[in-house]
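Contents: one structure, followed by commentary.
Keep in mind it's a predicted model, so treat the numbers as computed, not measured.
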Amino acid sequence: MRLAPAGVGRPHLTAGSARPLEDAFRIAQLDLVQWLGTDYGLDPLDAYQLITQAVESPLANVCDPNYTSVAKMKKQYLPPAAAMDGAHGRLSELAAAYRGD
(Lines give C-alpha, C1' and ligand atoms only; values in the text may rest on other atoms or scores of the structure.)
Protein backbone atom coordinates (compact mmCIF):
# COMPACT_ATOMS: atom_id res chain seq x y z
CA MET A 1 0.00 0.00 0.00
CA ARG A 2 1.52 3.33 -1.06
CA LEU A 3 0.68 6.16 1.27
CA ALA A 4 2.44 9.30 0.05
CA PRO A 5 1.96 10.70 -3.45
CA ALA A 6 5.29 10.99 -5.24
CA GLY A 7 4.92 14.66 -6.15
CA VAL A 8 4.02 16.12 -2.77
CA GLY A 9 7.45 16.50 -1.13
CA ARG A 10 6.87 13.96 1.62
CA PRO A 11 8.94 10.80 1.88
CA HIS A 12 7.97 7.75 -0.12
CA LEU A 13 5.98 5.66 2.33
CA THR A 14 4.69 2.12 1.92
CA ALA A 15 3.07 -0.30 4.35
CA GLY A 16 2.72 -4.04 4.56
CA SER A 17 0.16 -5.77 6.73
CA ALA A 18 0.37 -9.52 7.29
CA ARG A 19 1.18 -12.28 9.69
CA PRO A 20 3.93 -13.15 10.65
CA LEU A 21 5.76 -9.86 11.20
CA GLU A 22 8.50 -10.82 8.72
CA ASP A 23 5.94 -10.99 5.91
CA ALA A 24 4.61 -7.52 6.74
CA PHE A 25 8.18 -6.21 6.64
CA ARG A 26 8.91 -7.89 3.30
CA ILE A 27 5.70 -6.56 1.72
CA ALA A 28 6.53 -2.97 2.67
CA GLN A 29 10.13 -3.25 1.46
CA LEU A 30 9.19 -4.91 -1.85
CA ASP A 31 6.53 -2.30 -2.58
CA LEU A 32 9.11 0.44 -2.06
CA VAL A 33 11.58 -1.33 -4.38
CA GLN A 34 8.90 -1.58 -7.07
CA TRP A 35 7.80 2.03 -6.57
CA LEU A 36 11.34 3.34 -7.02
CA GLY A 37 11.71 1.21 -10.12
CA THR A 38 8.51 2.62 -11.59
CA ASP A 39 9.01 6.29 -10.69
CA TYR A 40 12.79 6.56 -11.08
CA GLY A 41 13.61 3.83 -13.58
CA LEU A 42 15.88 2.03 -11.14
CA ASP A 43 16.74 -1.58 -11.75
CA PRO A 44 15.22 -3.69 -8.96
CA LEU A 45 18.66 -4.65 -7.64
CA ASP A 46 19.79 -1.01 -7.61
CA ALA A 47 16.59 0.02 -5.83
CA TYR A 48 17.06 -2.80 -3.33
CA GLN A 49 20.64 -1.74 -2.62
CA LEU A 50 19.60 1.90 -2.14
CA ILE A 51 16.76 0.93 0.17
CA THR A 52 18.99 -1.24 2.34
CA GLN A 53 21.11 1.86 3.06
CA ALA A 54 18.48 4.62 3.33
CA VAL A 55 15.13 3.16 4.41
CA GLU A 56 13.45 3.81 7.75
CA SER A 57 11.26 0.91 8.92
CA PRO A 58 9.11 1.70 11.95
CA LEU A 59 6.66 -0.92 13.12
CA ALA A 60 3.18 0.56 12.97
CA ASN A 61 1.04 -2.14 14.55
CA VAL A 62 1.86 -5.30 16.47
CA CYS A 63 -1.36 -5.66 18.50
CA ASP A 64 -4.01 -6.69 15.97
CA PRO A 65 -4.22 -10.08 14.25
CA ASN A 66 -2.12 -8.67 11.40
CA TYR A 67 1.14 -6.83 11.94
CA THR A 68 1.89 -3.63 10.03
CA SER A 69 5.35 -2.57 8.96
CA VAL A 70 6.17 0.73 7.25
CA ALA A 71 9.02 1.44 4.85
CA LYS A 72 9.83 5.07 4.14
CA MET A 73 12.60 6.84 2.28
CA LYS A 74 13.40 10.53 2.19
CA LYS A 75 13.32 12.02 -1.28
CA GLN A 76 16.64 13.77 -0.69
CA TYR A 77 18.29 10.46 -1.58
CA LEU A 78 16.55 10.31 -4.96
CA PRO A 79 16.88 12.26 -8.20
CA PRO A 80 13.97 14.53 -9.18
CA ALA A 81 11.25 12.68 -11.04
CA ALA A 82 7.92 13.62 -12.55
CA ALA A 83 5.39 11.41 -10.81
CA MET A 84 2.51 9.91 -12.76
CA ASP A 85 3.97 11.03 -16.10
CA GLY A 86 4.06 14.68 -15.00
CA ALA A 87 0.37 14.91 -14.01
CA HIS A 88 1.18 17.06 -10.96
CA GLY A 89 3.05 19.60 -13.09
CA ARG A 90 0.32 19.73 -15.73
CA LEU A 91 -2.41 20.21 -13.12
CA SER A 92 -0.37 22.93 -11.37
CA GLU A 93 0.00 24.81 -14.65
CA LEU A 94 -3.71 24.44 -15.36
CA ALA A 95 -4.59 25.76 -11.88
CA ALA A 96 -2.25 28.74 -12.30
CA ALA A 97 -3.83 29.57 -15.66
CA TYR A 98 -7.30 29.28 -14.13
CA ARG A 99 -6.32 31.62 -11.28
CA GLY A 100 -4.65 34.02 -13.71
CA ASP A 101 -1.18 33.70 -12.14
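- Under the 3.5 Å distance criterion, with hydrogens and angles disregarded, no donor-acceptor pair is assigned to the side chains of His12 and Tyr77.
- Applying the salt bridge (charged side-chain N to carboxylate O under 4.0 Å, His left out) test to residues at least two apart or on different chains, the pairs with a partner in residues 91-101 are Arg99-Asp101.
- Not counting sequence neighbours, the partners of Asn66 by the side chain to side chain contact (heavy atoms under 4.5 Å, CB included) test are Ser17, Arg19.
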Side-chain polar contacts of residues 20-29 - donor-acceptor pairs under 3.5 angstrom, sequence neighbours left out - could you list them?
{"residue": "Asp23", "atom": "OD1", "partner": "Arg26", "partner atom": "NH1", "Å": "2.8"}
{"residue": "Gln29", "atom": "NE2", "partner": "Ser57", "partner atom": "OG", "Å": "3.0"}

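- To the nearest 0.5 Å, the span separating CG on Leu50 from CG on Leu45 amounts to 12.5 Å.
- Identified under the side-chain hydrogen bond (donor to acceptor under 3.5 Å, both in side chains) test for residues 41-52, with sequence neighbours left out: none.
- Atoms CG and CG, from Leu36 and Leu42 in turn, are 6.0 Å apart once rounded to the nearest 0.5 Å.
- Looking at Leu78 and Met73, their side chains come closer than 4.5 Å, going by heavy atoms from C-beta outward.
- For the 3.5 Å distance criterion, the side chains of Trp35 and Asp39 qualify, holding a donor opposite an acceptor.
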- request: Evaluate the side-chain contact (heavy atoms from CB on, under 4.5 Å) criterion for residues Ile51 and Val33: first the C-alpha distance (whole Å), next the side-chain angles of each, then the deciding distance (0.1 Å), finally the verdict.
  value: CA-CA 7 Å; Ile51 287 170; Val33 167; 3.4 Å; yes

